[in-house]
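Read the structure below first, then the notes.
Proteins come first, then strands; the chains are lettered A, B, ... in the order of their sequence lines, and each starts at number 1.
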Amino acid sequence: KQEVTQIPAALSVPEGENLVLNCSFTDSAIYNLQWFRQDPGKGLTSLLLIQSSQREQTSGRLNASLDKSSGRSTLYIAASQPGDSATYLCAVQNTGNQFYFGTGTSLTVIP
Amino acid sequence: DGGITQSPKYLFRKEGQNVTLSCEQNLNHDAMYWYRQDPGQGLRLIYYSQIVNDFQKGDIAEGYSVSREKKESFPLTVTSAQKNPTAFYLCASSPLLAKNIQYFGAGTRLSVL
């Protein structure tokens, strides 16, 4: 069964700093990997989707990479802002279409 | 507005009571999903449905039941058999031909009185 782990569980950084969130998964036979953002008490919003054949995806200040063979993904956030404060979840989708979610990283950006 | 609506936002359950969480979508999506989120844990799949009148168990279906009588609706019932129901419940939907795209509702927080 796929296990998805995210490190660190919580992160606090000053505004303007660049940061990296990590995600690892145990079964490399994935269809894709997604990074989601969740604000407190809210649903999830998809940030970036990387297909299994891709190495990275970029959207604005966000860059996600995927190394399928080693079972790792990173989410890089450049020039962090207080509005980036949220929980970030990664999820892998297997070929059976089920999503497996990580435990999340709670990010606080201090003004 | 198009989207997924979950209600109520907060729900309280008494001992031995069944409660039903509502999930409605107007995105014309075929597939719908229910997830449970506990503090410090990722989302876990309870049930999913790819078409009307059909649904499959996820990883933690025990103590829950669902129905899919209409394309736009996928209610979740938390039965008295679910001994630890306190959690945040999220509903999602996706187009059948693009199941890598999931749209989430705002969630329902269920607590036990």
Side-chain angles (χ1 to χ4, degrees), chain A residues 1-11 21-27 30-54 57 59 64 66 68 73 86-106, chain B residues 1 3-11 21 23-25 27 29-51 55-61 87-111:
Chain A
K1 182 175 177 285
Q2 180 74 267
E3 300 282 343
V4 183
T5 305
Q6 291 186 244
I7 294 172
L11 182 63
L21 308 181
N22 297 290
C23 172
S24 61
F25 48 94
T26 54
D27 185 351
I30 64 169
Y31 185 56
N32 61 55
L33 183 145
Q34 289 193 65
W35 284 92
F36 291 87
R37 170 184 172 135
Q38 185 178 28
D39 292 289
K42 304 287 187 186
L44 278 63
T45 302
S46 180
L47 297 172
L48 288 165
L49 167 68
I50 311 177
Q51 300 290 355
S52 62
S53 58
Q54 297 176 318
Q57 282 287 335
S59 176
L66 173 64
K68 204 172 77 157
S73 175
T87 295
Y88 291 81
L89 296 129
C90 75
V92 297
Q93 188 177 23
N94 64 10
T95 51
N97 293 316
Q98 184 166 342
F99 282 82
Y100 294 90
F101 286 82
T103 49
T105 293
S106 176
Chain B
D1 275 16
I4 302 177
T5 302
Q6 289 187 242
S7 61
K9 190 172 176 63
Y10 300 97
L11 186 59
L21 285 61
C23 178
E24 304 275 332
Q25 54 99 358
L27 301 167
H29 287 170
D30 294 287
M32 296 186 75
Y33 310 80
W34 273 107
Y35 293 93
R36 170 178 172 142
Q37 187 177 31
D38 293 281
Q41 296 194 40
L43 277 66
R44 292 182 289 167
L45 183 65
I46 305 173
Y47 268 98
Y48 66 101
S49 167
Q50 299 194 67
I51 197 167
F55 47 83
Q56 286 79 41
K57 293 182 179 180
D59 296 323
I60 56 165
F88 190 53
Y89 291 86
L90 286 161
C91 178
S93 71
S94 64
L96 200 59
L97 297 180
K99 281 190 259 187
N100 57 349
I101 307 295
Q102 287 203 343
Y103 295 82
F104 283 82
T108 291
R109 186 164 299 280
L110 175 62
S111 303

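Atom CD1 of B/Ile101 is surrounded by more than 12 heavy atoms from other residues, nucleotides or ligands within 6.0 Å.
When each of A/Ser106, A/Gly41, A/Ala9 is checked for heavy-atom pairs under 4.5 Å with chain B, A/Gly41 comes out on top. Heavy-atom pairs under 4.5 Å with chain A were tallied for B/Gln37, B/Arg44, B/Gln6; the largest tally goes to B/Gln37.
Looking at A/Leu49, only its side chain comes within 4.5 Å of chain B, counting heavy atoms on both sides. Contacts between A/Gln51 and chain B at a heavy-atom distance below 4.5 Å involve the side chain alone, from C-beta outward. With a 4.5 angstrom heavy-atom cutoff, B/Leu43 touches chain A via backbone and side-chain atoms both. In this structure, no portion of B/Tyr103 lies under 4.5 Å from any heavy atom of chain A.
Taken to the nearest 0.5 Å, the OH atom of B/Tyr35 stands 4.5 Å off from the CZ atom of A/Phe101. Distance check, rounded to the nearest 0.5 Å: CZ of A/Phe36 to CD of B/Gln102 gives 6.0 Å.
Across all non-hydrogen atoms, the minimal contact from B/Phe88 to A/Lys42 is CE2-O, 3.5 Å.
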